[in-house]
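Written below as structure tokens is the structure these notes are about.
As the structure is a prediction and not an experimental result, all values here were calculated from the model. So you know, we letter chains A, B, ... as the sequences are listed, proteins then strands, and number each from 1.
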Amino acid sequence: MSRPVGPVLRMSDDVDAIVAAIVDDNPGREVTVVDRGAYTRVSGNGELRVTRESIERHLGRDFEMRQLEGLMSAFAGRIDMTSEEVRWRLKSGEPGAPA
Amino acid sequence: MARMAREKWYDIARDLDWELSYVDYEEVFPEWMSGQGKVPREAWAGWDEPYKVTYPEYVATQREKETGAYSVKAVLQKSRIFDQLDEGWKSVAKEHFGAVALVEDLAAYAELRMARFGLSPAWRNMATFGALDETRHTQISLYFPHALVGKDPQYDWAHKAYHTNQWAVIAARATFDGMMMNPNVVDVAVQLPFTFETGFTNVQFVALAADALESGDINFANMISSIQTDEARHSQQGGPTLEILVEHDPRRAQWIIDKTFWVSARLFSVLTGPGMDYYTPLPMRRQSYREFMQEWIAGQFVDQLDDYGLKKPWYWDEFMAGLDTWHHSMHLGVWYWRPTVWWKPQGGVSPEERDWLHEKYPHWEEQFGPAWDVIIGNINDDRIELTLPETLPWLCNLCHLPIGTAGSPRNEKYPVRSYPLTYNGYTYHFCSRPCRQIWWEDRDTLYDPTVIERLLGGQIRPPTVEGILTWMGLTPEVRGEDAYGYRWARPYAPRRRPGDRPGRAETETRDRGEQAAQTPGPAGQGQPVPVNAVFEDDFVTQLVVVRDTDTVDQAARKVAAQVVGRRVPLRDAGLVVRHDGQVVRGDATVAESGISALDVVNVGWAGGHR
């Protein structure tokens, strides 16, 4: 993976559900998960996204996107955050951007 | 009640600004505080934070974080978990609390400066949240250790450290003042949120949490990783500021990052490196310091630099090489000068730990093994006094860390040496070329004398080791000692062959007691000449006070007395002194040979290297 981006999640009961939601929301993209105990690094090449809908489906309860902040100690890449979706990306990884 | 989605109203709310009519723009946003520089005023209107949060969201999320952190603490306080923590690990936490708690407070002021002088309302809005974050971090970083003060007075340094002149605190204060308080807010945004908070703090607050959890310190792991969730948000003030700066003044952007990255890397070599590679119990280490730095800095942070169109700093190769050496030198120094710190350094060089070090750092044995062998021999021969300092390392005028620790012994590319610079008739000493270069560029905004300069300037009285410790605020009950009472060194005792015994300096009897840091003696003994002395194969350069009437041979023995039999084994050979690159005659006096105060003096064995 040459341009890894994505969240670093701190230890909590919800980590597995968030990771599953990320995998669901990025079909066709390789997602790498590295578990270091106190933190779990989730990476995709160039871009990753996750939606509130998928998180709720995997958690089995309501979830507000702001709550992701309490679970995410860091992230690689740039972040875009709306009420429904979070994206991590590199600008230079966008289609049409210089390699 | 259905709420309007945040993105429908957020931009208007947080970009609310007004045209100034009663006062000039320059009065409200003076250049020296706001730091607009070459960026046109209208460019700041495009400042757009990527990590958006509203006040109601902020309050709700912070409440959840606080509830999580404090409830874990409340439960664990009733358990015996703390009493079972390893003494080495506890020192990681103690060092963290002392070095970090009040820096969080300083960061609140840095955020408030951006909240007032930031050049766009969106930025000022983010910075206001940042200031609230940093206030939380200060409170939690003081409250958690406070509960432990009754068990161990070293935890008191969580609050005390920055009220003292302890050497690491002086180094950290210089670094953080330069990052948060001295610069204008554009520079602050690139230095603090961008370079420091998206780069280095991740190593201390996220990576270190992995070691903390393994070591059983759930409370600490939970606290620091909770803090970092705030940082992940408010550090996003850096990106938009940098993006605008790169467009209009890329040279300035690159320079600010380069210098901040360097001083941060130097500081982390003492703040984080020894804790990860020596204090954390061996079975609990998730990765080495180098591996964590590779993951978070050489990988993640560098990708980010590239994404903003910036280059790796000019000294990149030197930084990467330093990941193999700097923190090993710092650990050796902190351990040797352990009474000067508020934690208990774990020697961390037992046979098993040494195997791990050798595996992770293939040159460790060659570069640092010999010094530890001398120390181990002294421990096992009950000569503890030879494992304790009688003078101080010479300190860098930029990073304030010991000179030599940006290199390592037996390292041709980055040797143990000073990089001096004489400016306006005064000689400054630096640990590395980058520190010297940064100092040169920023010299008009830097005035923090090193401990060595304060000592030589007469501020520390009496100028003895005891006087220095007292001046640094280190009361006897908190002075550091070996975390394990030297038990890590015991396994070497039966294995050692007689020939392995490290010897004493032949001159020791004569010169010990004549402490290097002492004041001028009675008249008639000549004038004191404090020099920055390095002995061949040692890891650090040191203050040694010779006299102008000493012969060069006598001066050489004074230097050797601080090193030989302490960190360098005795050899059956004479000593050779080099000054200004030339060998100096041993029977000449210091005055005749042109050695003056603050000069670099190299001492080595006659007959060449090894």
Under 4.5 Å from a heavy atom of chain A, the part of Ala60(B) involved: both

Check against salt bridge (Lys or Arg N to Asp or Glu O under 4.0 Å), Asp306(B) and Arg3(A): CA-CA 10 Å; Asp306(B) 184 48; Arg3(A) 314 279 283 163; 3.0 Å; yes

Options Thr82(A), Val5(A), Asp80(A), ranked by heavy-atom pairs under 4.5 Å with chain B, top entry: Thr82(A)

Nearest atoms (heavy-atom pairs only) where Ala253(B) meets Val190(B): O-CG1, 4.5 Å

Structural part of Gln62(B) lying under 4.5 Å from a heavy atom of chain A: side chain

For chain A, the option from Glu214(B), Lys52(B), Gln236(B) that forms the most heavy-atom pairs under 4.5 Å: Gln236(B)

Residues in residues 9-34 of chain A that sit under 4.5 Å from chain B, counting heavy atoms only: Arg10(A), Met11(A)

Choice from Arg41(A), Glu64(A), Met65(A) maximising heavy atom contacts with chain B below 4.5 Å: Arg41(A)

Contact class of Tyr58(B) relative to chain A, heavy atoms under 4.5 angstrom: neither

Arg66(A) and Glu64(B): CA distance, side-chain angles, deciding distance, salt bridge (Lys or Arg N to Asp or Glu O under 4.0 Å) verdict: CA-CA 11 Å; Arg66(A) 65 157 186 87; Glu64(B) 288 163 11; 2.9 Å; yes

Under 4.5 Å from a heavy atom of chain A, the part of Asn222(B) involved: both

Heavy-atom proximity to chain A below 4.5 Å, by part of Gln287(B): side chain

Approximate separation, where rounding is to 0.5 Å, of Phe268(B) CZ and Thr201(B) OG1: 6.5 Å

Contact class of Glu231(B) relative to chain A, heavy atoms under 4.5 angstrom: neither

For Ile81(B) against Gly216(B), the heavy-atom pair lying closest together: CG2-O, 3.5 Å

Residue selection (most heavy-atom pairs with chain A, distance under 4.5 Å) from Ala212(B), Ala210(B), Ser225(B): Ser225(B)

Note: Glu295(B)-Arg36(A) ion pair, threshold 4.0 Å (strictly below): yes

Residue part contacting chain B, namely of Tyr39(A), when any heavy atom lies under 4.5 Å: side chain

Heavy-atom pair with the smallest gap, counting every atom of Met81(A) and Arg6(B): O-NH2, 3.2 Å

Residue selection (most heavy-atom pairs with chain A, distance under 4.5 Å) from Ala207(B), Gly239(B), Gly299(B): Ala207(B)

Nearest non-hydrogen partners of Ala74(A) and Val206(B), listed with the distance: CB-CG2, 4.5 Å

Portion of Glu243(B) that has a non-hydrogen atom of chain A nearer than 4.5 angstrom: side chain

Ring centres under 6.0 angstrom apart (Phe196(B), Phe301(B)): no

Ala209(B) versus Ala221(B), closest heavy-atom pair with distance: O-CB, 3.7 Å

Non-hydrogen atoms of Asp211(B) and Met276(B) that approach each other most closely: OD2-CG, 3.7 Å

Under 4.5 Å from a heavy atom of chain A, the part of Arg286(B) involved: side chain

Stepwise side-chain contact (heavy atoms from CB on, under 4.5 Å) check, Glu111(B) with Gln237(B): CA-CA 10 Å; Glu111(B) 295 286 345; Gln237(B) 295 170 80; 2.9 Å; yes

Ring centre gap for Trp316(B) and Phe261(B) strictly below 6.0 Å: yes

Region of Ser226(B) in contact with chain A, defined by heavy-atom distances below 4.5 Å: both

